[in-house]
Each structure stands twice: as structure tokens, then as C-alpha cells.
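In what follows, chains are A, B, ... by sequence order, proteins preceding strands, each numbered from 1.
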Amino acid sequence: MRKVDAKEPATSREQRVLEFWKQENIFHKSEKAREGRPEWVFYEGPPTANGLPHPGHVLTRVFKDLYPRYRTMKGYHVMRKAGWDTHGLPVEIEIEKKFGMNGKKDIQAFGIERFVQACRESVFKYEEVWRELTERLGYWIDLDHPYMTLTDDYIESVWHLLKIIYDKGWLVEGHRVSPYCPHCETTLSSHEVAQGYKDVKDLSVTAKFRAADDVDGRPTYFLAWTTTPWTLPSNVGLAVNEDLTYVLIHKAKTDENVWVAEGLQGQFVEEGDRVIAQKRGRDLVGSAYTPVFPYVVQEGKKHIVIASPHVTDESGTGIVHMAPAHGEEDYKACQAAGLIFVNFVDESGRFTKDVADYEGRFVKDEELNVDLVKDLAARGLVYEKHKHEHSYPHCWRCDTPLIYYAIHSWFIRTTEFKDALIANSQSVNWIPPHIRDGRMGNFLENVIDWNLSRSRYWGTPLPIWRCDACGEIECIGSRAELEKKAGRLPKELHKPYIDELTWPCRCGRGTMVRVPEVIDVWFDSGSMPFAQLHYPFENQDLFERLYPADFVCEAIDQTRGWFYSLLAISTAVTGRAPYKNVLVLGHVLDEQGKKMSKSKGNVIDPFEAFDKHGADAVRFYFVSNTQPWNSQLFYHRAVAEAKAKYIDLLQNIHQFYALYAGIDGFNPYQVEQVPVAERPLMDRWLIARLHQTIQGVDEAYERYDATQAARLLQAFVDELSTWYVRRNRDRFWADGMGRDKVAAYLTLFEALKTVALLTAPITPFLAEDIYQNVVRLGGDAKHVPESVHLCDFPAADAALVDEALIREMALVLRIVEMGRHLRNESKLKTRQPLAALYVPKAQQDVIAKFADVIQDELNVKEIRFVDLDDIARPMLYLNLNAVGKAFGRKTPMLNEAAKNADETQIRAFRETGAVELAGETLTQEHAEIRYEAKFEGLVTVDNRLFVGLETRLTPELVEEGYVREVISKMQMMRKEVDYGVTHHVRFYAEGDPELLQVIARNRARIDQTVLVREWSDAPLADADLTKEWDVNGKKLTLSVAR
RNA sequence: GCGCCCAUAGCUCAGUCGGCUAGAGCGCACGACUGAUAAUCGUGAGGUCGGUGGUUCGAAUCCACCUGGGCGCACCA
């Protein structure tokens, strides 16, 4: 065993452990050792390695590591395959930036092959950083055999899944209005849109659409509000709700009439205005109006009022302007009413030449919108305008504001199997449970079709070929199928190579050409249960064993991300839920509770945290601080605190054990075992607490409550250190190796060993360090598993959980606490022995068993069992402040009466809470009962217990106090010059003659305690230290030498 | 706008089924210990349990509404 330096920096300890794991291949062995055992299935959600890790990744990885470690110790086989998410817009945008490109035209010019290869190369840009993070954190995951979404095998599996979905008729193309990024020139799915909402201020305008017919000879307008003035040139209709009532208001100031919904008229009727007509929405339908811009010239039904049920009178005017290309509801309502369709915005978000005056201008440009509104205002068509703050979707990667845009896309008809999605989600153990019916439940209730296609380059190609003549389409589900059709395989299953493959259509006239789109990256990652194994082309048996997952864990933003894509694909393909238990984590926030983000500059570098506090401390902090689904504040001071109250404490105990076990050459495997039943009470108590802790920790891990496990461990380690070790220190430095000493060693050994095992999932480094040193004796104990992580999880022995003993010890601790309170009040330091402690006779049976502990802890000569009335007098003690407020001038009189209250009055107060004094009724707010000692000393009482401390000093007690004081000073000097704890040394003393006599009289005891070899008669010439002390007011000068 | 979560000491958090005087750690003040010692232990001060109302013998806990924070959703016209 090696000596332990509790001050060793955590990083150096953790480096040592990492070295050992690597050297001995422990991670690999931990998986190997459980081969053939039942599987406990974990799925890794793939991060993208082209960005740097964030503290949030540390949080998820702590929990992704902890439960697999626990399950492995419980005897399960856990496969831990890493994964990388490699496709998609984020990668493309990086490359665009890198080469100074902007938009798809530039990419085309750059060359798609070159572009795609550049993407491929950049995907693992930060892999090294991720690898280091993973290692430093102690996250055991197989990074050498990861699944990668860009490989042909992976893509082939994804194709297989798409084909199944296609064959079920759920993969369809459609023309609909979707959120669209004009920079990336592609549509986004709902879960991508969800990532990018931001609060922005946009110019909003209430425009006036002049009705064809004047009323009362005055111009009459329909009012409609919009926050997107750029959609007004494409206006083809106005929508009302058939069932709402609309009013016509005569505006006195401008002498014109305006239509708005009745429910909103309050915002439009000003002084002098009046309502001159009222109509149901259905009666307005069909009314013609003049458009506010002249650009819609296409023939057909247009510029009339139509009905749409989605119109409400909750905001705006209750009349909605319709631009069918830019709103899902607009599109549907216009179609239903048979209005024409126009789209004046091109794929890069600019006006086409149809909008002659604004051709080429970007529609989300603020100036353009201002110009449009000015244009309207010049023509008197603005009723009102203002800056409106609202949250508006932005592209989650390039930050461009999205527009709603009617475009051709491929969809998975998730709405078709919505019920199955809901049923599968219901079967999952969501942690915390509210996710099931809350976040996830709501989302699934409102599920919309999955917009799968992206008109981009770097992604899994949509495996659909279409005949350029007859339009027939075919979905390809494997490489073999493709080869059969096309006669060959491409260099890789990516654009542009894949697009080169064509074949003649059955129709005999045309060629089958692949559609240009790639798919949403979320489909890639959601396919991983299948694709990570290249299923069904390989590993069919393995897949059966590894599906579905027992456990997945990500942060809450993945509800609509990975959790959903896994669920949707799995439900579509197998009809089953892909996972059984899902731990949904909260976000990591900074010290002020603000989200950590690069732009705010408040991101704590995970590596800095590891360097400062060690990975164990970070891990323990995240696990113990709060339940993981709550937001977690992350800052250095908090981690340092977690370290101090658990990691350091445990390492201190380890150091203590190693120090003495080293000195004594204690070997737990070679000594004669002392059965627990034959060990002292203290040992039995600790063992009882230990097994109680095993039970609690095991159950907590089992139900995915590692926070509870960590807190139970922390409580146990605290008691182990501050009560067991502190109370039993002298047993470890007793001479020889008697049975009591062996019992103490065995007890502490078992506690340390078990704690190392219990804490291994949470703090794997510290656990290993203790295990190697204490359990494996630095490698000498060959008969125990090589690593703590190869051990079986400890089993609690219920028979050892002596609950009565645990309760009794709690009582003892309470007595000690009360005793220390009295010591504090008496101002008599603990080193001064006192004659007696009084405790309740009623508890004699229990207390007597622990008398020596209590006596020693409080430094009293004797414990006396008494009744409270034997040692204390109850008194009525007034709260003069309260009494003064209530009774004013009678206060002094009442106080006098309280002092003289007799026993019956006090008993009445004790029993009823009220007492009659001098004709007034005093209650508990005015008075309390205090106890006055009947002996020379102090008494304290609580509702269960009382403790009395005798403070009378006899000459003998005083002398002993001096002795203890002198011993203490001598020990401090030994410490200061850093003599070994077993060295015998020489002392010389001079000073107060009385004190010197005390020393002389107590030489035997002092010498034995302080290991004094010789008292010198003359000053020590070779003294290592000389110090002058004040010993209870008497001068003493001491010198020490070896 | 709709939905989910949260709000307890200066800070971070416990508080079980509604039930003793609402707890812990850190910080602060004071003290103790001194063979784990740059470690450790104790005592004390510190609370309108976010607010208002309700249910109840009894509410931090259950209900309603409100306020503040975090997050999510989206036809915010």
C-alpha cells in the first residue's frame, strides 16, 4: 500500500488512473467480462464533431456513463458504441464560410464534388477535442469503433428504413408551405425550426383594402394587420371568420369607414367615431376590394373576401390578408376558395421581376419593408404602423430569418401513425414523468408531417429515382438493388456520385434519374438503432438483442430532436418504441441562471473545470447538486464546494487508513477475521449504516435516481469521517495488533472498500484510486478483481442493518451535541475535564452502552442518570418585548409574578400553554419555560431529552486540565517540526514553577502520550524548536529535539 | 398567445401521504479540537416557504388566480 497525499491535485490522481485503465485495457475488460450475460442496452446520441463541446455535453455524458457502469457492476453486458453525426447544414455552412461562399450558386460554381469532399474532411475537425473530453471525464464509450452517419453502410441502412416507410405509403411528395431558409435555400423540419426562435422587432402595419362599394357615399376599407409587409404584394384575398360579427366604423377624423371584428372594435373606435353597420362574417364573403399593390395581374378569382376558420378576433383586426405562397393556412384557405396562386419571391428570398419596383430586394430586409409601408402610406393605405416585438423563427445554423414558402418537398406522413406514436411514447418511462404527457405528449398531439427533404448537398441522398418521361418513381432500399438497376455502384453513396446513376424506365421512353434532394440529418441520427449495426445487411442477431434500448439520455431540447426522430422512425418501421427509459436532462446555466452561450461569453470551458477540480468533482457536482432534469447552475465555486464535501473528505479517510495500515503493515486478507457481531458497538453501528447505505444506493441507481444515491453516499462518508474515524482514531495507534485494533481496521477497510464500489459509477477515478490502494494493496492482492470497475456491485446484508442501533446512535449524537452546546455556554474548553454529565434516567439503557463515547467526547468523568426534576427547576421566563407590547405598564409587575410563579402555575403553562399572572392571561407568545440547574452547572432541554453539565472544578480537575493543555502544546510542536508520528523525542521545559510541578507529577502520562524519550534538565543545545506558551494563564517555554 | 417546469435562509439545495418548533451545506460571527491538521468539529445569527384567496382541526405541501424566472410550441395574420 502506498501512503496517500490527500493534497495531491485531482488531475494528477486522475491521470494516474487513466494511465492504469489504458495500460490494462480496463474498459475493454469490463465489457468482455460480462459477455453472455443479459444485455442492458444503451444508445449513444451522436454529437457532431465539427463543433466544440459545451458544459451541457459534460452533464449528459456524466449520466450516460454512470448508469452503464452501474449496470455492468450489476452483472449486465452493456455495449457502449460511440457515434458521430456527420451530415447536414451545419457542416455545409462551415465550408461555405471557409471558402467565402454565399448560397447555392457559389457552391455550384465551386463544384459539388469538391464541396462534398470538403464537408467530409471537416466533419472530424474537433474529434481530438471530443476524444480528450471523453477521456478526461472518464466517459467510457468505444470511440475506436463508432458508428458514423456518413459511411456507405450507415446510409444503406437508412435507405432500407426509408424504403420500408415508402412501401407503407408514408413517404410522399407534396407542395406545401414550409419554413424555408433563403440563405441555405432549403426547407426546414419542425424540429429544426423549433431551435431558432428569437425575439425580434419587426415593422407591422394595418393596411387599408378599399372595398368595391362605398357606404353612405364614403370610401370604405377592410383593415388587415400584418407583421410581414413584404407579403402584401402577393395578396390575393382577405379572410374572415364566417361566425364572427364584424362592424363598420365611421372614422370621424378621416371621414371614411373601416371594417373590423366586433370583438376588437375597442381598439379602433376613437372619439367621435361610431359604428354604422354590423354584419356576420359569412355575409362579407364574396365582397370585392382593390389590392394595395398592383402586381397580381394573373387572371382568375382574386381580391375578394373569403372565409377561413382559423381567423379569430383575438388580435389584429379579425380580417386576415392572404398570401398563399407564404402561409400554410393562407395556402389552404385560398385553395378552398378557388383563388389564384402567386409567388413573387425567388429561392434566395428576393422579389422576382413580377414586383417590378422592388425586384431583387431581399424580403426580410428591414429597409424593404419600410419602403413598402412608405409606398402604402403615400397612397393613404396605412391605417396604423408600429414596431412589433414577437418571436420569429431563424435558421438554427446560419441565423437568417426564415420565410414561409410554398415549395415542393418530400414528407413522412407521421400524421398517419400519430396514434401509434402516442401509444409508444406512453409506454416509455420518461424521467421526469411529466415529459410524457407534457413536452412530448403535447408535441405528439400536434404532430405534423415530417418534412424530410433538403435541397442541399452534404447528406444522405434521398433514394428515389423518377422517370423523366412518365414520372414513375422508384425507391431503392439497398446497394444490391441499386447495382441491379444501374449496373454499377457509385464511388460513394453521396452526391454528386450517386446522381450519375441512371437507368431506362420501364415505360421505354424515359430515364430514371434520382431526385436532387438529400434528407434531414435528424433522420440519420434517428436511424441509429438499425444503422449503427448496418442492419439488416449484417448483425441481425445482434440487432435483436440490442433493440429496443433500455436507456437513452439527452438534454430536454432533444424531445423534438433525437427522442422524436428515434420514436418516429422506430414506430414507422417496427411499430415499437425504440427505448424503455429516457432520462431527460435540464440545461446547464451560468452562475446567474443564464443560458451558457458563446455569444454571451459565459461558457465555462469543461477542460478548465477538469484542471481546477478534477473530473470526479465535476461529475459528483452534476449528480448530487440537484435532480438532473432541473436546470443546473455551473460555476467553479460550486464545483469546488462539491469537491470539498465529498471527494476531499473521502480522500482524507483514505489517507488516514493508508497511514496507519502502512505503519502496522495491516493486511485485511491475512489477519484473523473478527465477526461483526463480536466487534465493538461503534463498529457494529458503522457496519449497520454501511449496509443501510448499500440498500439505499442500490435502489436509487436502480430507479435512475443517482442524485439520491450521491446524497446517501455523501451522508455516509460524512458520518464515517466526522464520527467514526474521529471517535476511533486512538484505536488505530494503539500498541500492537490486538483484537480491538483488528476490528477497527477491518471495519474501516470494509467501509472504504464498499464506498469505493458504491461510488464507482459516479466518481470512477477516486473509486479506482482507493480500490487499488486499499483493496488491491497496491497490486499485491492478486485474488481480487483487477479494477473496481470489474467488481460486482455490493450486496446489502439486511441482517446487519441494525435499525435500533442506528436510532440509538442518533440519540447519542444528539446528547453529545447538547453537551457541546453547554460546553460552549460554560466557556469551559473541552480540554478541561469536568466532573459529570446528567442525562435522562428514562434513556439509561441506551445511553449506558455508549457512556464511554459520550464521556470521552465531552471530557467528563462520569455520566449520571437522573430525572429532570432532580437537577433542574422550571422557571417562567417572559419575553419582555412581547409582554410589553401586550400589557404595557403592567410589564414589570408581570415579570415579578413570573419570577415567583409556583409549581402549579408553571405546570399549567407547560400543559395548556397559558397561565394566569396578576390577573392577565399570558400565552406562549409571551413566555416560555426555562430550566435552571439545581447544581453548579448548566441544563439544556429539548422536547425529547435533557442534558446537564456540572461545571464545578476541583483541584484535581484543574490539574488534569493543565496536563491536557501541556500535552496539546507539545503535540503541536512535534507537528510543527514534522517528526514522524512514531519517533520518541526529548523535551525541555521552563516557566511557571507550579506548571513545572504539574508536569513532573504527570510525567508518566505525558511521556506515553507524546512519546517523550527524555526530559532534559538543561536547555537543549540541539533544539529544533523552542516556543513560549500561555497555558491557561501560566507561562511555559518548551524546547524539543530528537 | 398556448403549454411544461421552477420559486423555501445571503448563495446552492432537501423537505415522503397535508401533521411535532421548516432543515442541510456553503458563506458570516464566535468558539473548540490538534497523532487526518492548509484537515476537522461545534454553537449562533439568519425564513412573510414568491403573492393573494380558498379547502382543512391543521397547508411549504392540495386547489384557483396573480407575479417573476427557465424552457418549449407556433396560422403571432
Once you apply a heavy-atom cut-off of 4.0 Å, does [X] come out as touching a base, just sugar-phosphate, or nothing?
{"X": "A:N625", "answer": "sugar-phosphate"}
{"X": "A:R439", "answer": "base"}
{"X": "A:I435", "answer": "nothing"}
{"X": "A:Y660", "answer": "sugar-phosphate"}
{"X": "A:N652", "answer": "base"}
{"X": "A:S721", "answer": "base"}

Whole-Å distance separating the [atom1] atom of [X] from the [atom2] atom of [N]:
{"X": "A:N859", "N": "B:C33", "atom1": "CG", "atom2": "C1'", "result": "12 Å"}
{"X": "A:N446", "N": "B:C4", "atom1": "CG", "atom2": "C1'", "result": "13 Å"}
{"X": "A:M322", "N": "B:C75", "atom1": "CE", "atom2": "C1'", "result": "9 Å"}

OP1 or OP2 of [N] sitting under 4.0 Å from any side-chain N/O of [X]?
{"X": "A:R831", "N": "B:U34", "answer": "yes"}
{"X": "A:Q971", "N": "B:U34", "answer": "no"}
{"X": "A:Q651", "N": "B:A36", "answer": "no"}
{"X": "A:T1009", "N": "B:G35", "answer": "no"}
{"X": "A:R729", "N": "B:A36", "answer": "yes"}

Expressed as a whole number of Å, how far does the [atom1] atom of [N] sit from that of [M]?
{"N": "B:G25", "M": "B:C41", "atom1": "C1'", "result": "15 Å"}
{"N": "B:G58", "M": "B:G18", "atom1": "P", "result": "16 Å"}
{"N": "B:C26", "M": "B:U16", "atom1": "P", "result": "23 Å"}
{"N": "B:G10", "M": "B:A45", "atom1": "C1'", "result": "12 Å"}
{"N": "B:U37", "M": "B:G27", "atom1": "C1'", "result": "22 Å"}
{"N": "B:C2", "M": "B:G54", "atom1": "C1'", "result": "26 Å"}
{"N": "B:A36", "M": "B:C20", "atom1": "P", "result": "41 Å"}
{"N": "B:C65", "M": "B:A9", "atom1": "C1'", "result": "28 Å"}

### Query
Is there a Watson-Crick or G-U wobble partner for B:A24 with both distances under 3.5 Å, and if so, which one is it?
B:U12
### Task
Please give the nucleotide sitting opposite B:G72 as a Watson-Crick or G-U wobble pair, both distances under 3.5 Å, or none.
B:C2
### Query
Hey, which of these two, A:T626 or A:T228, hits RNA chain B nearer its 5' end, going by closest nucleotide?
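Whichever sits nearer the 5' end wins; that is A:T626.
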### Query
Taking the nucleotide of RNA chain B with the closest heavy atom to each, which residue, A:H434 or A:D718, is nearer the 5' end?
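Taking each residue's closest nucleotide, the earlier one in sequence belongs to A:H434.
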### Minimum side-chain heavy-atom gap A:R703-A:Q708 below 4.5 Å
yes
From the list [options], which nucleotide is the closest neighbour of the side chain of [X]?
{"X": "A:E817", "options": "B:C11, B:G25, B:G42", "answer": "B:G42"}
{"X": "A:R560", "options": "B:G72, B:U43, B:G25", "answer": "B:G72"}
{"X": "A:N442", "options": "B:U40, B:A36, B:G3", "answer": "B:G3"}
{"X": "A:R711", "options": "B:C13, B:A36, B:U34", "answer": "B:C13"}
{"X": "A:T830", "options": "B:C41, B:C11, B:A32", "answer": "B:A32"}

### Query
Does A:E817 come within less than 4.0 Å of A:R820, counting only side-chain N to carboxylate O?
no
### Query
Is A:R726 salt-bridged to A:E857, cutoff N-O under 4.0 Å?
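Salt bridge flag = yes for A:E857 with A:R726.
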### Query
Could you go step by step and tell me if A:N859 and A:T830 meet the side-chain hydrogen bond (donor to acceptor under 3.5 Å, both in side chains) rule?
CA-CA 6 Å; A:N859 196 14; A:T830 315; over 6 Å; no
### Query
Is a side-chain N or O of A:R560 found less than 3.5 angstrom from the main chain of A:R439, in a donor-acceptor match?
yes
### CG (A:D735) with more than 12 external heavy atoms under 6.0 Å
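Open.
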### Task
Run through A:F222, A:Y221, A:Y289, A:Y383 and flag the one making a ring pair (Phe, Tyr, Trp, His ring centres under 6.0 Å) with A:F209.
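Option passing the ring pair (Phe, Tyr, Trp, His ring centres under 6.0 Å) with A:F209: A:Y289.
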